[in-house]
Peer 1: 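Dumping the structure here so I can ask a few things about it.
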Amino acid sequence: MQKKQYDAPILLLLLAFLGMARFAAAQAMSEQEAAAKAQQILSQLSTGEKIGQLSQLFYFGPKAPAELSPGMPIEDAVAKGDVGSLLFVTDPATINRLQHIAVEQSPHHIPLIFGFDVIHGFRTIFPVPLAMAASWDPAMVTRVQSIAAQEARSVGIDWAFAPMVDIARDPRWGRIVEGAGEDPYLGSAMAAAQVRGFQGDAIGESDHLLATAKHFAGYGAAEGGRDYEASYISDAQLWNIYLQPFHAAVKAGVGTLMSAYMDLNDVPASGNRWLLHDVLRDAWGFQGFVVSDADAVKSLAAHGFAKDEQDAAVRAVTAGVNMEMALGHDAYTKGLPEALKQGLVTERQVDEAVLPILEMKLRMGLFDHPYVDEARSERILADPEHRAAARLAAERSAVLLRNEGSLLPLKQSSLHRVAVIGPLADSKLDTLGSWSFQEKLPETVTVLEGLKNKLGPGADVLYEQGVQIRRKYPSMFDALFGVKPEPEWPASEAKQHLDNAVRAARESDIVVLVLGEAQNMSGERASRESLALPGEEEQLLEAVAAAGKPVVLVMLNGRPLDLRWASAHVPAILEAWYPGTQGGNAIADLLFGDAVPGGKLPITWPRDVGQVPQPYAHNTTQDPEDSGIRYWDEESTPLYPFGYGLSYTTFAFSNLKLDRSAVTPADTVNVSVDVTNTGAVAGDEVVQLYTHQRYGLASRPVRELKGFERVSLKPGETKTVHFALDRDQLAYWSAATHGWTFDPSIYDVWAGDDSRAALHAQFEVQK
Ligand code: NOJ
């Protein structure tokens with residue numbers, strides 16, 4: 001059996017020849033079987049091969065063969081068994097070529113595992129993760145990530161570096177766009193939904209990927225929102241907030257985690273044994289493996305934590321980083337052989353790091369089906385159903401922030417001429433958002449194109465860009481992928497563009513103004529010190545609004561921006577985030593009422609950058625909110641609260657009922673509430689349940705989300721939504737006891753359409 005599996009590349013070749021490629025690998029291997037087989041394989045490996053399994057290298061294929069070190073092409077390293085995984089290879093022919101080398105030439109024929117940043121789609125780009133969280137629709141999120149998985153797997157990728165489940169409460173941080181926002185409950189639901197989407201029901205399911213919950217842990221709390229900056233998070237906040245979505249991902253069966261870059265309370269996350277071992281493995285029972293973020297092992301030395309690269313390798317592997325992701329040479333290959341000789345690391349520790357990697361390769365079916373069917377991938381990538389799913393996802397993710405006088409939905413018959421204005425109105429890349437690499441750009445539908453599609457060939461549509469926007473400092477991704485900024489307009493030309501935009505507004509019946517941030521202004525290394533609309537966008541906004549025609553502001557962005565002026569002067573604002581491949585069509589559907597907005601904010605929307613962080617779930621204070629107490633120069637309330645979003649219809653909540661008013665800590669309180677569509681069109685409402693603990697061993701937040709459900713209602717229809725509140729929902733980690741606590745107390749319960757929900761009930765937990 002063992003021989004047949006691992007010493008028989010000819011058999012593997014034959015299977016590949018017979019068409020038994022990866023997609024046929026329907027039968028997932030059980031954890032027990034994989035553990036036993038991994039042990040057998042491990043017993044045959046040399047120390048060098050074991051360290052090879054711990055090494056993951058960047059490969060910028062297909063055209064540019066990478067070198068492990070000068071003069072050592074990666075191909076040679078793969079053939080020697082010095083590499084266990086590659087990332088960034090996306091060409092199926094290259095993947096097969098490299099896999100053949102691993103399977104046929106490496107000493108024990110262990111297949112490579114290919115990883116990639118499949119963040120919100122592969123060829124079909126879905127809305128960015130923050131947008132998907134705004135859908136409050138975990139089932140939809142599972143569906144789109146399973147499509148992303150199918151597309152990526154079809155080219156030979158086995159492993160997604162997603163979901164990013166970092167809680168982020170500071171919109172200056174560029175990577176807020178990659179997560180689910182500020183809330184641990186919503187974040188946990190989105191984490192689990194994405195894990196299910198990527199992995200399917202079990203690791204190894206055909207057409208699915210191994211998922212990675214990242215970045216473990218606390219990256220979203222980077223000081224000042226500055227990327228990679230240290231995080232200082234209290235134990236209570238870690239357990240109650242930042243670790244929650246990771247735990248949810250582990251409970252959902254995630255196969256891998258990625259260790260974060262930054263210092264967590266002065267101990268770098270990638271060398272933090274408390275985090276990677278005590279919490280992850282001991283407390284949560286995680287059985288998969290941990291990959292470092294790119295070069296995070298080597299950077300343990302840069303942090304002033306490890307003495308040098310060898311010490312960094314020792315610290316990381318003993319802390320619990322199984323695999324090192326490295327751009328160029330890796331510290332494990334360089335440092336661990338000598339560290340073993342010196343007794344700084346034991347063979348047993350190395351074995352413990354290797355085993356779960358082998359287990360995952362087995363469970364993913366890579367030993368049985370290492371190659372990919374290149375012809376099939378073309379069919380999968382072209383599937384029109386994937387585009388339809390992207391359109392629906394974009395529609396369900398949009399949040400209607402404002403709609404004075406029911407300007408929306410627009411009525412086509414009453415519009416003779418439409419002005420579409422703004423630097424993002426016809427930019428394909430900016431419709432997609434960051435972490436989009438494999439899209440076919442011509443397939444992407446911009447807002448301008450979507451509106452033209454909707455209005456038909458004879459429509460009178462004027463388009464003006466108005467202004468240019470750019471980063472002050474260039475983006476690393478633009479440099480990497482050769483994206484060149486548009487040459488800057490000279491001042492006279494800039495004035496002309498602005499004037500043209502105002503004229504177009506004046507000459508039209510309605511203006512669709514598309515503002516926000518370019519895609520390279522959000523994501524990694526895309527933090528900001530300001531939340532102002534970039535460049536001259538604010539000037540464009542005010543000038544266009546002054547033209548006197550009704551303005552619909554469509555926002556494309558990955559973080560809340562300062563919309564104070566717009567919220568006071570522009571009648572309709574639709575937050576469309578970065579909506580993806582079908583963004584323009586989805587936005588046109590929403591603007592013309594062929595889809596009804598139902599998304600809700602997954603983050604508090606501040607008035608100004610000076611208010612951040614401003615989570616809705618803050619503690620009660622000695623002098624609760626009132627204008628002029630927190631700040632004398634601005635209101636302390638947000639511009640739009642967490643959970644907020646309008647519809648083209650209206651909803652009413654009634655009959656909030658608890659099945660009991662006094663319980664013991666072991667009981668469950670069942671909650672029900674009715675929601676009625678009181679308007680004239682069908683629409684979705686997200687029923688949200690919040691609780692508050694009035695007193696106990698620690699102060700607790702004014703409100704915490706404890707349940708939600710997105711429901712569709714016809715006009716006049718009522719649905720009853722049910723929730724259950726139990727110990728799991730209400731217990732918290734207390735700094736007073738240094739452990740999980742469930743206090744006897746009175747608990748408030750609110751149900752409604754955002755975090756200000758008014759319908760109230762209460763119950764008591766007695767000893
Ligand atoms: C660095 C990023 O922090 C991480 O999220 C990503 O997965 C890796 N680079 C690989 O691209």
Side-chain angles (χ1 to χ4, degrees), residues 55-61 66 83-90 113-122 128-130 145 148-149 152 157-168 173-180 191 194-195 198 209-222 225-231 245-246 249 254-264 268-270 289-300 302-303 316 321-328 330 433-438 475-481 520 522-527 558:
S55 163
Q56 181 188 56
L57 297 171
F58 274 71
Y59 185 98
F60 290 113
V83 180
S85 174
L86 292 172
L87 74 154
F88 261 76
V89 201
T90 52
I113 181 163
F114 291 91
F116 192 65
D117 289 293
V118 186
I119 308 295
H120 54 114
F122 187 70
V128 289
L130 189 64
Q145 293 299 34
I157 290 163
D158 313 298
W159 181 14
F161 303 127
M164 187 193 99
V165 304
D166 292 309
I167 295 290
W173 189 52
R175 305 196 76 171
I176 194 170
V177 66
E178 295 173 50
Q194 293 189 77
V195 170
F198 286 123
L209 300 171
L210 196 57
T212 311
K214 73 184 188 185
H215 309 80
F216 196 53
Y219 188 15
R226 293 182 292 276
D227 212 0
Y228 311 141
E229 202 81 31
S231 295
F246 287 99
V254 73
T256 73
L257 269 81
M258 184 184 290
S259 65
Y261 277 130
M262 62 332 117
D263 279 340
L264 173 63
S270 292
F289 72 88
V290 174
V291 63
S292 76
D293 204 336
D295 282 347
V297 173
K298 280 180 273 185
S299 65
L300 292 180
H303 280 276
V321 174
N322 303 71
M323 184 183 277
E324 179 188 2
M325 180 192 289
L327 187 52
D330 62 313
S434 63
W435 297 107
S436 313
F437 302 121
Q438 294 300 309
S475 147
M476 108 176 147
F477 291 102
D478 289 353
L480 215 55
F481 296 101
N520 67 8
S522 240
E524 191 175 353
R525 298 194 190 188
S527 292

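All ligand and atom numbering here is 1-based and tracks the order in the structure. None of these values were measured; they are calculated from a predicted model. Just so it is clear, the values below take in all heavy atoms, side chains as well, and ignore hydrogens, waters and symmetry mates. Note that the numbering runs from 1 along the sequence shown for the chain.
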Peer 1: Just to verify, what does Asp227 make a salt bridge (Lys or Arg N to Asp or Glu O under 4.0 Å) with, not counting sequence neighbours?
Peer 2: none
Peer 1: Got a sec, which residues hit ring-ring contact (aromatic ring centres under 6.0 Å, His included) with Phe198, two or more places apart in sequence or on another chain?
Peer 2: none
Peer 1: I'd like to check the salt bridge (Lys or Arg N to Asp or Glu O under 4.0 Å) partners of Glu178; sequence neighbours left out, ordered by chain and number.
Peer 2: Arg175
Peer 1: Which N/O atoms of ligand 1 sit under 3.5 Å from a protein N/O, and at what distances?
Peer 2:
unit_1	atom_1	unit_2	atom_2	d
ligand 1	3 (O)	Arg175	NH1	2.6
ligand 1	3 (O)	His215	NE2	3.4
ligand 1	3 (O)	Asp293	OD1	3.3
ligand 1	3 (O)	Asp293	OD2	2.5
ligand 1	5 (O)	Arg175	NH2	2.9
ligand 1	5 (O)	Lys214	NZ	2.8
ligand 1	5 (O)	His215	NE2	2.6
ligand 1	7 (O)	Asp117	OD1	2.6
ligand 1	7 (O)	Lys214	NZ	3.1
ligand 1	9 (N)	Asp293	OD1	3.4
ligand 1	11 (O)	Asp117	OD2	2.4

Peer 1: Ser292 and Ser259: side-chain donor and acceptor closer than 3.5 Å?
Peer 2: no
Peer 1: Less than 4.5 Å apart, side chain to side chain, heavy atoms only: is that true for Trp159 and Leu87?
Peer 2: no
Peer 1: So how far is it from Asp117 CG to Glu524 CD, rounded to the nearest 0.5 Å?
Peer 2: 8.5 Å
